[in-house]
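This report concerns only the one structure given below.
Each chain gets a letter, A, B and so on, in the order its sequence line appears, and its residues count up from 1. Heavy atoms only: backbone and side chains are in, while hydrogens, waters and symmetry mates are out.
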There are 2 protein chains.
Amino acid sequence: MSTVTFSPLYRQIRERLVHSLHEGEWRPGELIPSEGELAQRYGVSQGTVRKAIDALAADNLLVRRQGRGTFVASHQEQLAQFRFLRLRPDEGDPRQPASRFIDCRRLRAPVEIARALQLKPGETVVVIRRLLEFDGAPTVLEEIWLPGVLFRGLSAERLNAYTGPLYGLLETEFGVRMIRASERVKAVAAGADEAPLLRVDPGEPLLLVVRISSTYGDRPVEVRHGWYLTREHHYANELN
Amino acid sequence: MSTVTFSPLYRQIRERLVHSLHEGEWRPGELIPSEGELAQRYGVSQGTVRKAIDALAADNLLVRRQGRGTFVASHQEQLAQFRFLRLRPDEGDPRQPASRFIDCRRLRAPVEIARALQLKPGETVVVIRRLLEFDGAPTVLEEIWLPGVLFRGLSAERLNAYTGPLYGLLETEFGVRMIRASERVKAVAAGADEAPLLRVDPGEPLLLVVRISSTYGDRPVEVRHGWYLTREHHYANELN
DNA sequence: TAGTGGTCTAGACCACATA
DNA sequence: ATGTGGTCTAGACCACTAG
């Protein structure tokens, strides 16, 4: 008759760990307690804690390092720099792009943005526009929409003062950590806005990448529109 | 001094299982022996077999079904139909595309194709061209390159006689199973070849998707060029 | 040398599917 | 009722890191 929702112990432990991460008990880059300690704390065996941590490591919430311990994943790490940016050069090794901020404004959310961010219509959002350049060549134009409430002090000065990945800044300065994203990719013709910034003629084919990023609990906290120039780059994807 | 390459037991078991899959001891869709039987056969504990199977299930080589057993993954399943085709409608639920074959020829591999398929220059390849249509609207044009040696009897008649996914045919009729692929996506303008087939004007922005698929042992066995019309569809991707 | 995660085992019991 | 995978435990030992 009724559907019993059976939840194994290790999943409950996983949820409690996610909760602690969400609360900030252990912050990005920090060491979490050893498996043995956590087992005691939750009153389960080490193997059960292990399985919970395995799941979180597979989801890139935690990082295991043999002999050292288990750490909270961070966008400041060099490793995960290219986890979200899938653009790669057609030839040669991936390079770190330079980020040039164009502007940063606060305004009332347009309807589609409000819907994607689960905000009430008219709530304040921050819009950042920036260019990513590879070897001085502008290659990606991005328009980044964030809920105003979560990023109060965010400004152009703040962005320019900061070196390193944007998600690192959002994580360190505002305590919002992106853990998942879904992207929709389309081919479009460069419009009057994009063309000059990317130094191409209007009509040039571009990838339009719409990303929605979420933090703990699948709460969407970023909408990003990216126009990718793919003359010498491509969007890389692995299918497993 | 010397770097010892330590390989845990469960990984060795995994390799032996992959070997059996490769050999065809268990074929796609079939049930493999129970964990207990395999443990006996390899002289290890059930837990070790379990960990090996877990890894293969994570890689989509095997499929676990509680209470029933563990099965060899197959491209004939309805489940994995959209595992490789990432195109989704902007609105509404994904639909099964209709496949219309344009032609199927055998010729000597062009250099880039030969390199990608690790063939000697001049070896025979099969080229299939087809259109995928959603609700009668041509949306994807594909050019599929396969090593001639592996697909001897493949012909236009054979393709037209078959209903179901192409990878299902290749798996069932030729014993070649695709297990992994990497894709490179670019934005391009429709050319004189593509435009009429997709019923768009030359210059229309299209996604160009270049896929290289591999079978067991990371042996590349397919190069596929796809031109995706993304006016009402998008290429979907999840970032974790 | 001590502490951490990584591997492996053996056994008990649970959830699920099928006959 | 039986057999399968799924969970959980307890304990031993190995590999890696750092002081």
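Atom CZ of F71(B) and atom C1' of dA17(C) are 10 Å apart (whole Å). If you measure from atom CG of L56(B) to atom P of dG5(D), you get 14 Å, rounded to the nearest angstrom. Y10(B) places its OH atom 8 Å from the C1' atom of dG6(C), with the value rounded to the nearest Å.
Legend: salt bridge (charged side-chain N to carboxylate O under 4.0 Å, His left out) pairs involving residues 13-22 of chain A, not counting sequence neighbours: none detected. Within the structure, salt bridge (charged side-chain N to carboxylate O under 4.0 Å, His left out) pairs that include any residue of residues 19-34 of chain B comprise E25(B)-R41(B) (at least two apart or interchain).
Listed by chain and residue number, F134(B) satisfy the ring pair (Phe, Tyr, Trp, His ring centres under 6.0 Å) test with H233(B) (two or more places apart in sequence, or in another chain). The ring pair (Phe, Tyr, Trp, His ring centres under 6.0 Å) check on Y42(B) picks up nothing, with sequence neighbours excluded. Residues satisfying the side-chain contact (heavy atoms from CB on, under 4.5 Å) criterion with T163(A), sequence neighbours excluded, are absent altogether. Residues satisfying the salt bridge (Lys or Arg N to Asp or Glu O under 4.0 Å) test with R158(A), not counting sequence neighbours, are E173(A). Scored by the side-chain contact (heavy atoms from CB on, under 4.5 Å) test, E133(A) finds R100(A), P138(A) as partners (sequence neighbours excluded).
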Pairing annotation in dot-bracket form, given for DNA chain D with Watson-Crick or G-U pairs under 3.5 Å and | for cross-strand partners: ||||||||||||||||||.
Where do N or O atoms of nucleotides 11-15 of chain D meet protein N or O atoms at under 3.5 Å, pair by pair?
unit_1, atom_1, unit_2, atom_2, d
dA15(D), N3, Q66(A), OE1, 3.2

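Taking a 6.0 Å sphere around CD of E91(A), one finds it holds 12 or fewer heavy atoms contributed by other residues, nucleotides or ligands.
Scanning residues 21-54 of chain B for heavy-atom distances under 4.0 Å to DNA chain C yields V44(B), S45(B), T48(B), K51(B).
For T70(A), no side-chain nitrogen or oxygen approaches OP1 or OP2 of dT4(C) to under 4.0 Å. In terms of phosphate contacts, R68(A) brings a side-chain nitrogen or oxygen within less than 4.0 Å of OP1 or OP2 of dA18(D). Side-chain N/O atoms of R64(A) include one lying less than 4.0 angstrom from OP1 or OP2 on dG6(C).
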Would you be so kind as to tabulate the donor-acceptor pairs closer than 3.5 Å made by side chains of residues 214-224 of chain B, with sequence neighbours excluded?
unit_1, atom_1, unit_2, atom_2, d
T215(B), OG1, R177(B), O, 2.7
D218(B), OD1, R180(B), NE, 3.1
E222(B), OE1, Y167(B), OH, 2.4
E222(B), OE1, S213(B), OG, 2.6
E222(B), OE2, Y167(B), OH, 3.4
E222(B), OE2, R224(B), NE, 2.9
E222(B), OE2, R224(B), NH2, 2.8
R224(B), NH1, E142(B), OE1, 3.1
R224(B), NH1, E142(B), OE2, 3.0

Show me the donor-acceptor pairs within less than 3.5 Å that the side chains of residues 43-53 of chain B make with the rest of the protein, sequence neighbours left out.
unit_1, atom_1, unit_2, atom_2, d
S45(B), OG, G47(B), N, 3.4
S45(B), OG, T48(B), N, 3.4
S45(B), OG, T48(B), OG1, 3.4
Q46(B), NE2, E35(B), OE1, 3.0
R50(B), NE, E35(B), OE1, 3.4
R50(B), NH2, E35(B), OE2, 3.2

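Under the 3.5 Å distance criterion, with hydrogens and angles disregarded, a donor-acceptor pair is assigned to the side chains of Y235(A) and N237(B).
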